[in-house]
Trainee: 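Sharing a structure, written as structure tokens. Questions coming.
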Amino acid sequence: MTMSDRIDLRRLGWNAHFEAHFAPHREAALVPARVAREDRERYVVRGEFGEWTATLPGRARLDGPEAGDWPAVGDWVAIEPVGGEAKGIIRATLPRRTRIARQAAGAVTREQVLAANVDVAFLVSSLDGGRNFHPATVARYLLVAYESGASPVVLLNKCDLAKDLDACVAEAESIAPGVPVLALSAFDGRGIDELRALIRPGETAAFLGRSGVGKSTLINRLLGEDALAAGEVREDDRRGRHTTTWRELIVLPEGGIVVDTPGMRELQFWSGEEAIAAEFADIEGLSSACRFRDCGHISEPGCAVKAAVDAGVLDAGRLEEYQTFLRELAHQARRQDNKARMAEKAAGRQMSSKRKEVKAHNPKRRDERPGG
């Protein structure tokens with residue numbers, strides 16, 4: 001690739017933040033690139049010289065860093081080129097501006113970063129009459145978006161199938177006060193121009209949602225081609241299957257960047273105190289008038305939140321969601337504390353074992369002082 005063929009990093013989301021953090025790596029003759037796709041320990045990255053494959057150095061793979069520390073789609077990394085091939089070794093990951101994360105599915109307590117350096121989080125629901133538009137699901141994705149630092153936008157896809165579109169939009173707006181709600185249809189193109197306008201050049205948007213809501217189809221609409229595999233759609237009710245199996249970063253013709261993600265059966269929080277406070281600001285505000293500072297809003301006397309429910313000012317379902325999320329967050333915090341304690345004990349046992357090994361291989365010192 002010649003100098004004139006080089007890709008402008010700004011098209012990939014490069015800005016002054018990353019330039020400042022990359023300065024010492026540039027002095028070490030490393031080159032910047034952005035992670036476009038990940039597959040275990042192998043990465044596809046994009047930089048000034050196009051698309052490369054990259055791996056972590058052997059020591060990093062052997063030591064096994066915490067899951068949240070591995071490079072993720074959207075990360076900017078410092079690459080050491082390997083020979084004259086389009087390959088490199090990831091020597092460093094630049095500090096993230098934002099990160100969308102969850103508790104990894106399964107029994108193991110660890111963070112899974114879904115996408116990094118995302119500016120806008122599109123929370124996609126479907127109005128096809130199935131379970132893909134569910135208030136609790138929208139609220140759950142909204143919490144993850146708030147915690148990430150990205151700006152959330154609720155997308156109601158397949159609006160052409162909605163029996164009462166205005167009611168659906170109103171319900172979404174009540175779940176996400178102050179958050180933009182856009183009804184659109186990947187089938188007939190309604191709302192696609194408005195969606196495109198929300199992805200500005202150099203900014204990154206991630207599409208999040210359950211399986212079958214149409215994330216890949218919406219991205220294909222933005223691309224103007226079927227670049228991503230989309231599930232077959234039944235003609236009778238136009239419900240689709242989920243087909244995306246990995247996260248991928250894609251540059252749009254207009255200059256914006258999007259991240260397609262697989263549908264998630266489980267979306268458990270990794271953290272989220274500030275996110276809950278932001279989403280349930282109405283309840284947080286009411287609770288300041290409760291008689292007890294640690295009021296659980298269940299049956300305590302002088303509870304301003306329960307009084308608001310009884311008066312019809314606050315929906316009882318919203319309070320129930322708030323309490324459910326708080327319980328889930330407390331459970332997650334306990335899991336993380338237990339993991340930290342277990343790691344500390346393991347480190348202590350390892351240190352004790354090393355001390356015993358050192359003593360076993362070193363004879364006892366004699367005191368050389370007179371009379372010793």
Side-chain angles (χ1 to χ4, degrees), residues 115 118-142 144-145 150-244 248-264:
V118 172
D119 300 288
V120 182
F122 289 129
L123 317 178
V124 188
S125 292
S126 173
L127 303 180
D128 57 10
R131 295 182 57 199
N132 287 323
F133 177 62
H134 191 273
T137 301
V138 175
R140 185 171 293 272
Y141 277 97
L142 191 61
V144 171
S151 300
V153 176
V154 176
L155 300 183
L156 303 181
N157 192 24
K158 305 181 185 180
C159 67
D160 53 297
L161 297 178
K163 295 180 178 179
D164 189 341
L165 180 57
D166 291 339
C168 291
V169 172
E171 185 172 12
E173 290 175 340
S174 68
I175 298 165
V179 174
V181 176
L182 176 61
L184 71 173
S185 170
F187 178 70
D188 63 20
R190 263 186 285 177
I192 298 299
D193 288 341
E194 290 85 348
L195 173 61
R196 185 177 286 110
L198 294 173
I199 311 172
R200 289 180 285 216
E203 292 191 352
T204 303
F207 285 72
L208 305 172
R210 294 169 62 96
S211 299
V213 296
K215 301 185 297 295
S216 297
T217 308
L218 286 171
I219 294 175
N220 281 336
R221 273 281 186 172
L222 293 172
L223 288 168
E225 57 180 301
D226 292 335
L228 301 179
E232 295 177 4
V233 176
R234 297 197 298 261
E235 289 298 328
D236 54 349
D237 58 7
R238 295 221 353 274
R239 295 183 191 172
R241 284 201 321 265
H242 169 66
T243 55
T244 300
E248 183 172 5
L249 185 144
I250 302 153
V251 179
L252 299 176
E254 294 82 4
I257 305 128
V258 295
V259 178
D260 189 24
T261 65
M264 291 170 281

Trainee: Mind listing the closest non-hydrogen atom pair of S185 and N157 along with its distance?
Mentor: CA-OD1, 3.6 Å

Trainee: Drop me the distance from E194's CD to L184's CG, to the nearest 0.5 angstrom.
Mentor: 8.5 Å

Trainee: Which atom pair, heavy atoms only, marks the closest approach of S126 to K158?
Mentor: OG-CD, 3.1 Å

Trainee: Which distance, rounded to the nearest 0.5 Å, do you find between the OG1 of T217 and the CG of L222?
Mentor: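 Output value for this atom pair is 11.0 Å.
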
Trainee: Strictly by ring pair (Phe, Tyr, Trp, His ring centres under 6.0 Å), give each pair with a member in residues 192-217 just once, sequence neighbours left out.
Mentor: F122-F207

Trainee: Write down the atom of A145, the atom of L123, and the distance for their closest heavy-atom approach.
Mentor: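 Looking at all heavy atoms of both residues, the shortest contact is CB-CD2, 4.1 Å.
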
Trainee: A115 and V259: which non-hydrogen atoms are nearest, and at how many Å?
Mentor: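 The pair with the smallest heavy-atom distance is CB-CG1, 4.3 Å.
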
Trainee: Which pairs pass salt bridge (charged side-chain N to carboxylate O under 4.0 Å, His left out) with one or both residues in residues 176-186, sequence neighbours excluded?
Mentor: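 Listed once each, the pairs would be none.
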
Trainee: Okay, side chain of R200, backbone of G255: is any donor-acceptor separation there less than 3.5 Å?
Mentor: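 Not at all, since once roles are kept as given, no pair shorter than 3.5 Å links the two residues.
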
Trainee: Give the minimum heavy-atom separation between A205 and I199, together with the two atoms involved.
Mentor: CB-CG1, 4.2 Å

Trainee: For A186 and I192, which heavy atoms make the closest approach, and how far apart are they?
Mentor: CA-CD1, 4.5 Å

Trainee: Is the side chain of K215 donor-acceptor paired with the backbone N or O of G209 at a distance under 3.5 Å, no angle test?
Mentor: yes

Trainee: Residues in side chain to side chain contact (heavy atoms under 4.5 Å, CB included) with D193, at least two apart?
Mentor: R196

Trainee: What distance do I250 atom CD1 and T204 atom OG1 have between them, rounded to the nearest 0.5 Å?
Mentor: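 The distance works out to 11.5 Å.
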
Trainee: Contact between V120 and L198 at the side-chain level, heavy atoms closer than 4.5 Å - yes or no?
Mentor: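 No, side chains not in contact.
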
Trainee: Within this structure, what is the OG-CG distance for the pair S216 and L223, rounded to the nearest 0.5 Å?
Mentor: 10.5 Å

Trainee: Going from CG on L195 to CG on L155, what distance comes out if it is rounded to the nearest 0.5 angstrom?
Mentor: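 These two atoms lie 5.5 Å from each other.
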
Trainee: Can you give each donor-acceptor pair under 3.5 Å made by side-chain atoms of residues 161-175, sequence neighbours left out, with the distance rounded to 0.1 Å?
Mentor:
| residue | atom | partner | partner atom | Å |
| --- | --- | --- | --- | --- |
| D164 | OD1 | A167 | N | 3.2 |
| S174 | OG | E171 | O | 2.6 |

